[in-house]
Amino acid sequence: MAEFTMPSLGADMDEGTLLEWLVAPGDPVHKGDPVAVVETAKSTIEVECFETGTMANLLVEPGTTVPVGTPLALIGPMAEKAGKPGRTKKPHKPRKPAKARKPEGPTEAEKVEGRRPVRPVPTEGEPSEPPSPPHVTVPVPVPVPTAARQPGRIEAVPLVRHLAEQSGIDLETLHGTGPGGRVTRTDVEEAAAARATARPPRVRATPLARRLAAELGVDLTTVTGTGRESAVRATDVRQAAPGPSAPARPSGATPVRPSAARPSAEGPLEDRSAAMRQAIAGLMTRANRDIPHYYLSTTVDMAAAMDWLHEHNRHSPVGERLLPAALLLKAAALAARNVPELNGFWTDDHFTAGEGVHLGVAVSLRGGGLVAPALHHADALALPQLMTALKDVVTRARTGRLRGSEVSDATLTVTNLGDQGVETIFGVIHPPQVALVGFGRVVDRPCAVNGLLGVRPVVTATLSADHRATDGAVGARYLTVVARLLQNPEHL
Amino acid sequence: MNRTDALDMVRESISRVIPDADVGALGPDDAFRDMLEMDSLDFLSFVEVLSERSGIRIEDEDTPRLTTLAGCADFLVAHTQ
C-alpha cells in the first residue's frame with residue numbers, strides 16, 4: 001500500500017490545505033492523474049498522483065491543513081478493490097491541523113531536503129509503470145510529526161505510533177497495556193473510539209477562520225458558516241466577534257508565519273493577497289539571505305527576431321500569432337540546455353542538474369502577487385506549442401488551477417517584465433533554483449551595425465545567478481548563447 | 001459601423017479579456033492598456049476578440065493605433081467603410 005502524501009509545491013511551502021478530493025475510494029488512479037486539490041498561500045493547485053493503482057483510503061478530510069509529507073491517502077495495487085477489510089472499514093478521523101505539534105518550523109535545510117523526495121519529478125517519455133505493480137514501495141513514514149516528541153519516553157512500535165498519528169491521538173496521554181507498559185494498537189484504537197464519542201464534531205472552518213477565532217476569542221461552534229458546506233470563514237468570525245470589527249492582525253502580535261495566515265481560496269481578496277504577500281516575503285527573504293547572487297546583463301539585437309516574428313504573424317490567423325515573449329522564452333530554454341550548470345537546484349550544499357528544462361514563467365496576478373508555473377520541456381517545444389502552453393498556463397494561473405507539477409518542477413525561471421515597460425530587470429532567484437533570467441521591453445535604440453549607426457530593436461537580457469553553483473564565466477556563456485540564438489529565430 | 005457601435009465593441013472586447021475591468025470608467029483617450037495593467041498576452045487576446053467580432057484582420061503593425069478607446073474606434077470605423 002503506497003502513501004499519497006501532501007506534496008511540497010515549492011520551497012516556500014510547509015503545509016497545505018486539502019480542499020477537495022477528485023477521486024473516491026475504489027477509483028483507479030494512474031501516475032500523473034490529478035487526484036486532489038490543495039490550497040497553498042499562493043494558489044489552488046491540482047495535485048497529481050505518482051502511483052498507478054486503486055485509491056484505497058482517503059486519510060484526510062477536505063478543509064484540513066497538514067504539513068508537507070503527511071499521508072493524505074493510501075493507494076493499493078490496481079486489481080485490489082479497496083484495501084484489506086478491517087482497516088478500511090474503520091473511517092479515519094480527520095487529521096487535526098498539526099501546527100501545535102510542531103514546536104518550530106523545519107530548518108531551511110529540512111525544507112529544501114523535503115522538497116526532493118516527496119516530489120519525484122515525473123520524467124515524460126519514460127515508460128509508464130506496469131498496470132499492476134506486484135510491489136508498491138511504501139515510503140517511510142515522514143518523521144516530521146513525530147519528531148516533536150521525545151522518542152524513547154513512550155514505548156510503542158512504529159506501526160502503533162503511525163496509527164496514533166493518523167488518529168490524532170497523543171501517545172503520551174495513553175496508558176500502555178502491553179508488555180513493559182508498551183502502548184499497543186488496541187490502546188490507540190480504544191482511545192480513538194472514546195474520543196470520537198466524547199468530542200463534539202469538529203467545526204468545519206477555514207484555517208484563517210480558526211486562527212482568527214483563537215485570536216478574537218470566538219467559539220467556532222457558535223458561528224454560522226457561510227462557506228462551502230457551511231464552513232466557517234474569516235468574515236463569519238469577524239462578524240461574530242464582540243465589539244467593532246476587529247483588525248485581522250492585532251498590532252504587536254508576533255509575526256505570523258506565512259502559512260499560518262493562509263486564508264481559504266474563497267476568502268476575501270485582501271486576506272488572500274496578504275497571504276500571498278507573506279509567502280513571497282518569506283521566500284524572497286530567504287533567497288536574498290542564503291544565495292550570493294551575481295548579476296550579468298547584455299543587450300541583444302532583436303532585429304532578426306522581430307522581422308521573423310512580424311512575418312510569421314502576417315501569415316497566421318490572429319489566434320496563432322506569436323509574441324516576442326515566446327521567442328525569448330524559447331531562447332532561454334535552449335540556452336539552459338546548452339549551459340546545464342544553470343538549470344537545476346542547489347540543495348544540501350551541492351548542485352543537482354534538472355532533468356529536462358522546465359522553464360518557470362513569472363506570471364503577475366491581477367490581485368497582486370505572482371506565481372511562476374513551469375513550462376515542461378520548454379526547450380523541446382516548437383514556438384507555436386510554446387505560445388499555446390504559455391497562454392494556457394498564464395490563464396490558469398490567473399483564473400483557474402495550476403497542476404502540482406507546474407508549480408514545483410521549474411528548473412530555471414524567466415521573468416519578462418518588458419510588458420510593464422521596464423528595460424532591465426535583475427531578479428531574485430527562486431530557491432532552490434540557481435538562476436533567474438530577466439528580459440526587459442523590446443525597444444528601438446540607436447546601434448552601431450557594420451560600422452554604421454542604425455536604429456534597431458533591442459532587448460536587455462539579464463541573469464541573476466547563484467555564486468555557490470556557478471561563476472560569472474558560466475553566466476556570461478549563458479547570456480551569449482541566448483543572444484546568439486535570437487539571431488536565428490527560424491531555428492528556435 | 002458607426003462610432004458608437006465601434007466604441008461598444010471595443011469595451012465589450014476588453015471586458016471579455018479582463019472580466020472585472022471597469023470599462024465604464026475609461027475615457028476615450030485613456031491608455032487603457034496601462035490603466036488596466038494588460039500584459040502582452042492580454043493585449044493579444046483583446047486583438048483576437050476584436051478581430052473576431054469586427055471581422056477585420058488586425059496586423060501587428062496596426063496595434064500601435066489601438067492604445068485608446070478612441071483609437072480603436074477610429075480604426076474599426078475606418079476599416080469598415
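FYI, side chains are in, hydrogens and waters are out, and symmetry mates aren't considered; it's all heavy atoms of this structure. Every chain is numbered from 1, with letters handed out A, B, ... down the list of sequences.
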- Note on the structure: Okay, B/Glu61 and chain A: the region with an atom under 4.5 Å from a heavy atom over there is side chain

Donor-acceptor list for residues 319-327 of chain A side chains, cut-off 3.5 Å, not counting sequence neighbours:
from     : atom 1 : to      : atom 2 : distance (Å)
A/Arg321 : NH1    : B/Ile58 : O      : 2.4
A/Arg321 : NH2    : B/Ile58 : O      : 2.4

- Task: Ignoring hydrogens and angles, state whether a donor on the side chain of A/Gln433 or A/Thr411 is under 3.5 Å from an acceptor on the partner side chain.
- Result: no

- Parallel, tilted or perpendicular: which describes the rings of A/Trp308 and A/His312, with under 30° parallel and over 60° perpendicular? parallel

- Task: Give, as side chain, backbone, both or neither, the part of B/Val17 having an atom under 4.5 angstrom from any heavy atom of chain A.
- Result: backbone

- Task: Check whether the side chains of A/Asp409 and A/His358 place a donor and an acceptor atom closer than 3.5 Å, and report yes or no.
- Result: no

- Side chain, backbone, both or neither: which part of B/Asp42 has a non-hydrogen atom closer than 4.5 Å to chain A? side chain

